[in-house]
Amino acid sequence: MRVEIWSDIACPWCYIGKARFEKGLAEFAHRDGVEVVHRSFELDPGRPKGDVGPVIPMLAKKYGRTVEEARAMEAHVASTAHTEGLGYLADGRDHGNTFDIHRLLHLAKARGRQSELLDLAYRANFAEERSVFDADVLADIAVRAGLDADEVRAVLSDENAYADAVRADEAEAAELGANAVPFFVLDRTYGISGGQPAEVFTQALEQAWQARTPALRTIEGDAEACGPDGCEVPR
């Protein structure tokens, strides 16, 4: 069974949602039969690449709140993240265009290191006060995730590398009706929006698994059959 997760590195609920999904998956009996694929979704695709700034003023402007209210919003998210065992800095982070990160995530997918890169990028952005919008920092994170340094630099220096793959993911999200992230699609049958509790993911996985492998229904009758004790002989 395949689970596809649309997310953006700038989204705190994607960070929390990934952790919750993995906890839910760990409780799923058929977890070894689940393939997880991460898909691209940009929350602010129109933001210029070089436009990087602190997250608190950005939130205040975006949601029409005061700086104090934006800071309180971040403190609430931080508290939730800490409950899930995640590091989270409520202040001091920055925000910018995530297109290069998504392009590298597609390189990582091709090399079998996608989840590793995503985890390190989330940690750097939300817990370590390292700017993932800095090319050198991003390259270092990608190498730590197991990618080849030369390949990483080649992708970052070529704006067309994996650009079509990112756009294809985003177009597919639109077709599926996803206008917010995280967005989870289970076997192209069930969709789950938001960073739901772990038990919700476990239940959804069980439901999706049963849908693809329905329980056998037996039609009772009087026909003859053979079993361990032999075959019935008509009288």
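Computed from heavy atoms alone, side chains included, the values below leave out hydrogens, waters and symmetry copies. Here, residue 1 is the first one in the sequence, and each next residue gets the next number. Bear in mind that the values here come from a model prediction, so they are computed numbers and not experimental data.
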Keeping Glu4 on the side-chain end and Arg39 on the backbone end, is there a donor-acceptor pair under 3.5 Å? no
Where the side chain of Arg47 meets the backbone of Asp51, is there a donor-acceptor pair that is under 3.5 Å apart? yes
For Glu159, is the CD atom crowded, meaning more than 12 foreign heavy atoms sit under 6.0 Å from it? no
Spell out, as yes or no, whether a donor-acceptor pair under 3.5 Å connects the side chain of Lys23 to the backbone of Glu84. yes
With side-chain contact (heavy atoms from CB on, under 4.5 Å) as the test, pick out the partner of Leu25 among Val34, Val3, Thr202. Val34
If the condition is side chain to side chain donor-acceptor pair (under 3.5 Å), which residues does Ser131 pass it with, not counting sequence neighbours? Asp94
Give me the ring orientation class for Tyr162 and His106: parallel if the planes are under 30° apart, tilted from 30 to 60°, perpendicular past 60°. parallel
State whether the side chain of Asp148 and the backbone N or O of Asp150 hold a donor-acceptor pair below 3.5 Å, judged by distance alone. yes
Can you list, by chain and residue number, the hydrophobic cluster partners of Phe183 when the side-chain cut-off is 4.5 Å? Trp6, Phe41, Leu43, Leu176, Val181, Val185
Where do Arg103 and Asp158 land on the salt bridge (Lys or Arg N to Asp or Glu O under 4.0 Å) test, with the steps shown first? CA-CA 10 Å; Arg103 295 194 300 113; Asp158 179 3; 6.0 Å; no
Check the side chains of Glu69 and Tyr63 for a donor-acceptor pair under 3.5 angstrom, ignoring hydrogens and angles. no
Note: Arg167-Glu170 ion pair, threshold 4.0 Å (strictly below): yes
Examine distances only and state if a side-chain atom of Asn97 and a backbone atom of Lys49 form a donor-acceptor pair shorter than 3.5 Å. no
Quick check: are there more than 12 heavy atoms from other residues, nucleotides or ligands sitting under 6.0 Å from CG of Asp91? yes
Indicate, with yes or no, if Phe126 and Met58 share a hydrophobic cluster defined by side-chain heavy-atom contacts under 4.5 Å among Ile, Leu, Val, Met, Phe, Trp and Tyr. no
Among Gln196, Glu27, Glu206, whose side-chain contact (heavy atoms from CB on, under 4.5 Å) with Phe201 holds? Gln196
If only atom types and distance count, is the side chain of Arg111 paired as donor or acceptor with the main-chain N or O of Leu107 below 3.5 Å? no
Which atom pair, heavy atoms only, marks the closest approach of Pro12 to Tyr88? CB-OH, 3.5 Å
